[in-house]
*Asks:* 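Submitted below is the structure of interest, expressed as structure tokens.
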Amino acid sequence: NRGHETASTIVVNNDFGIGLADSFEEAFTELGGEVLARERANIGQTSFRPELETIFEGEPSMVLNGCYQDEASIQFRQWFEMDLGGQWSIHSGLIGKEFLEGIGEEIADGIFASNPRIPDNPANQYFRELMEDTDTGDPGELIFPPNSYDSMNMIALAIEAAGEAEGPAIRDNLRDIANPPGTDVTTVEEGLSLLQDGEEIRYIGASHNCDLTEAGEASGLSFTEIEVNGTTPEAVGEVEL
């Protein structure tokens with residue numbers, strides 16, 4: 001929808017980064033785009049000038065950065081010093097105050113990204129109340145805290161449903177406690193109580209409804225399209241999957 005027809009990628013040299021580059025290239029080329037260059041960044045690397053020259057050489061209309069914060073910070077500063085131009089996209093792990101303010105407004109302004117959309121539901125409100133005295137800012141608006149919270153709750157509920165804490169038993173019961181049918185519950189306490197009474201449940205999470213596909217992947221997600229204004233990420237649209 002942004003009109004990008006060519007792209008390059010630079011990602012951290014591990015399974016996360018390579019997987020991100022692979023999935024991006026598959027989706028981008030299916031939509032008619034062309035990936036011009038792919039580079040990998042090693043953790044702890046302190047200069048990326050050759051890699052930056054390679055990914056911007058063909059003048060791609062966008063470049064996806066799939067690196068961790070330390071390496072990405074170096075890359076963005078060196079990109080700016082080299083005056084390479086172009087348009088950056090970042091993954092959701094870099095959409096945060098520390099990274100964006102760290103590289104500064106002159107560099108951060110105009111970056112775009114997408115982020116899983118966090119629901120405004122009772123489960124999320126309850127989670128925020130649990131976490132309000134922490135030093136993480138507002139955890140209800142971040143990706144990983146509510147997802148981690150839901151993961152632990154779902155594991156606990158699957159253990160209760162299975163009657164044992166073995167891996168295969170947890171796996172086999174996750175969909176049963178997460179998907180319809182069943183009574184909607186928004187806390188692990190509610191779910192455990194109903195399961196102990198022999199009832200079926202459907203866990204509604206702080207991160208999303210937590211419905212799972214047959215492959216164990218989340219379904220029914222929506223994403224927020226984000227543009228960075230100065231150093232502030234702003235929602236400019238939604239993408240439904």
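Not measured: the values here are computed from a predicted model. What's counted below: heavy atoms across the whole structure, side chains too, no hydrogens, waters or symmetry copies.
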*Asks:* Might you confirm whether atom CD of Gln196 has over 12 heavy atoms from other residues, nucleotides or ligands at distances under 6.0 Å?
*Replies:* yes
*Asks:* In plain terms, say whether Arg38 and Asp22 are close enough for a salt bridge, that is, a side-chain N and a carboxylate O under 4.0 Å apart.
*Replies:* yes
*Asks:* Looking at side-chain heavy atoms only, is the closest gap between Asp176 and Glu200 below 4.5 Å?
*Replies:*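 No. Closest side-chain heavy atoms not under 4.5 Å.
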*Asks:* Would you indicate whether the side-chain heavy atoms of Phe80 and Ile103 approach each other to under 4.5 Å?
*Replies:*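 No, every pair of side-chain atoms sits at 4.5 Å or beyond.
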*Asks:* For atom CG of Asp197, decide whether the heavy atoms of other residues, nucleotides or ligands shown that lie under 6.0 angstrom number more than 12.
*Replies:*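 Yes, CG of Asp197 has more than 12 neighbouring heavy atoms, counting only those of other groups under 6.0 Å.
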*Asks:* For a quick check under 3.5 Å, do Thr224 and Asn115 share a side-chain donor-acceptor pair by atom type?
*Replies:*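 No pair is found: no donor N or O on one side chain lies under 3.5 Å from an acceptor on the other.
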*Asks:* I want to check something: taking the side chain as every heavy atom from C-beta on, are Met154 and Leu212 in contact at a cut-off of under 4.5 Å?
*Replies:*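 Yes, side chains in contact.
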*Asks:* How far apart are the C-alpha atoms of Asp109 and Asn229, what are their side-chain angles, what is the distance that settles it, and do they pass the side chain to side chain contact (heavy atoms under 4.5 Å, CB included) test?
*Replies:* CA-CA 5 Å; Asp109 188 59; Asn229 182 4; 3.8 Å; yes
*Asks:* May I ask you to check whether over 12 heavy atoms, not counting those of Glu189, lie within 6.0 Å of atom CD?
*Replies:*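 Yes, the 6.0 Å shell around CD holds more than 12 heavy atoms from other groups.
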*Asks:* Give the ring-plane orientation class for Phe16 versus Tyr68, where under 30° counts as parallel, over 60° as perpendicular and anything between as tilted.
*Replies:*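 Rings of Phe16 and Tyr68: parallel, as their planes differ by under 30°.
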*Asks:* Could you go step by step and tell me if Asn179 and Tyr203 meet the side chain to side chain contact (heavy atoms under 4.5 Å, CB included) rule?
*Replies:* CA-CA 7 Å; Asn179 292 8; Tyr203 177 72; over 6 Å; no
*Asks:* Give a yes or no on this: more than 12 heavy atoms of other residues, nucleotides or ligands lie within 6.0 Å of atom CD of Glu166.
*Replies:*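 No.
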*Asks:* Salt-bridge test for Glu51 and Arg40: reply yes if a basic N is under 4.0 Å from a carboxylate O, no otherwise.
*Replies:* no
*Asks:* Should we say atom CD of Glu59 is surrounded by more than 12 heavy atoms from elsewhere, each under 6.0 Å from it?
*Replies:* no
*Asks:* Pairing donors with acceptors under 3.5 angstrom, does anything connect the side chains of Glu190 and Thr186?
*Replies:* yes
*Asks:* Is any NZ, NE, NH1 or NH2 atom of the basic residue among Glu227 and Arg2 found under 4.0 Å from an Asp or Glu carboxylate oxygen of the other?
*Replies:*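 Salt bridge between Glu227 and Arg2, a charged N being under 4.0 Å from a carboxylate O: yes.
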*Asks:* Would you check, one step at a time, whether the test side chain to side chain contact (heavy atoms under 4.5 Å, CB included) holds for Glu39 with Phe48?
*Replies:* CA-CA 10 Å; Glu39 286 290 328; Phe48 299 92; over 6 Å; no
*Asks:* One thing to verify: whether Asp211 and Arg175 come together as a salt bridge, which I'm taking to mean a side-chain N less than 4.0 angstrom from a carboxylate O.
*Replies:* no
*Asks:* Would you please indicate yes or no on a ring centroid separation below 6.0 angstrom for His91 and Phe24?
*Replies:*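 No, they do not, as the ring centres are separated by 6.0 Å or more.
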*Asks:* Is there a side chain to side chain contact (heavy atoms under 4.5 Å, CB included) between Val63 and Phe56 once you walk through the steps?
*Replies:* CA-CA 8 Å; Val63 173; Phe56 283 97; 3.6 Å; yes
*Asks:* Checking Asp120 against Gln125: is there a side-chain donor and acceptor pair closer than 3.5 Å?
*Replies:* yes
